[in-house]
Amino acid sequence: MTENYIKCFKNKNFSILEILAGELDLIKSPTVLKLIKNVLTQVDHPDTIIDLKHLSYIDSTGLGILIATKNLLEKREKETVLVCNSRKILQVFEIAKMHNFFKVFETTEEASKYFDEKRN
Amino acid sequence: MPEPARHSAGPLRLPARRESLALVREYVGKNLEACGLPGDRRLRLELAVEEIAANIITYAYSPAGSGDLECGFAADGKTAEVSLTDWGAAFNPLEKEDPDLAPELDRREPGGLGIYLARNLAGSCSYRRDGGRNILTISMPLQPEAGSARSKEEGA
């Protein structure tokens, strides 16, 4: 079920967009992007943590989704950060120089703390 | 560490469609396993192959047209080589300019990332046009070069 590709939680200071799809590749990425766009247009979306802890594979189409999401939220002056602790995925980020573009945290707790401190 | 094996496999020819990507991934993974390429470089080569295969599936044939994608594999005990062939218009992805990855570009777009990733993930890439075919070969040494940053990383 494609609905199970993402899950969104809203918090006082931020929201968490959890990517449940195990792979962000040419096959799943178009659906995941559509679902994310639906979520972002349905609510007044605050700063956002994209949680990639379930992700085992990402290719350039998946990186494109992260960039597109960040660009969408940036237009509304909202920040996007990533949660990822997979060495495989982090290696792809490094090659694509994504670390220049996103703050990346190892856990959702660290990312939550970042947004809580930003607000307070 | 066991000696890397010599290994080759018959080509896999498939329709250039998104559904074929999983079969390309399986073919490459199985053959890399057989020749003993270790984890880190195996991941890099698999991803490089997938990026080029995805590029063929998306762009090699006109939207209304269709065609095939062929994947080949060979390892000579020193290097693993994966070749990707299509019958589309001549296109050398290695001549494509790198995308601008500057962080200050708030309109940074993902276009061109796939080829850039493939070039940077692989040990080396080469292209030739032969009899109406685009043939891209992606190589990776089976053993890390002694003293290289990558070999230290893999040994860690």
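- The side-chain heavy atoms of A:S15 and A:K78, taken from C-beta on, include no pair separated by under 4.5 Å.
- With chain A as partner, the option from B:E19, B:E50, B:E46 having the largest number of non-hydrogen pairs under 4.5 angstrom is B:E50.
- For A:D47, the side-chain hydrogen bond (donor to acceptor under 3.5 Å, both in side chains) partners are A:K118, not counting sequence neighbours.
- Contacts of residues 48-58 of chain A with chain B at a heavy-atom distance below 4.5 Å involve A:Y57, A:I58, listed in sequence order.
- With A:T69 as the fixed residue, the side-chain contact (heavy atoms from CB on, under 4.5 Å) test singles out one of A:L66, A:I67, A:N71, A:I65: A:I65.
- For a residue to count as touching a neighbouring chain, one of its non-hydrogen atoms must lie under 4.5 Å from one of that chain's; by this rule B:L21 touches chain A with the side chain only.
- In this structure, chain A has no heavy atom under 4.5 Å from any part of B:R17.
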Inset, instruction - Quick one: do A:S60 and B:E51 satisfy side-chain hydrogen bond (donor to acceptor under 3.5 Å, both in side chains)? Show the steps, please. - result: CA-CA 7 Å; A:S60 60; B:E51 291 293 351; 2.6 Å; yes
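- The pair B:R133-B:D130 meets the salt-bridge criterion, since a charged nitrogen lies less than 4.0 angstrom from a carboxylate oxygen.
- A salt bridge is absent between B:E26 and B:K30: the closest approach of a Lys/Arg side-chain nitrogen to an acidic carboxylate oxygen does not fall below 4.0 angstrom.
- Partner A:V104 forms a side-chain contact (heavy atoms from CB on, under 4.5 Å) with one of A:I89, A:V81, A:L90 and no other, that one being A:L90.
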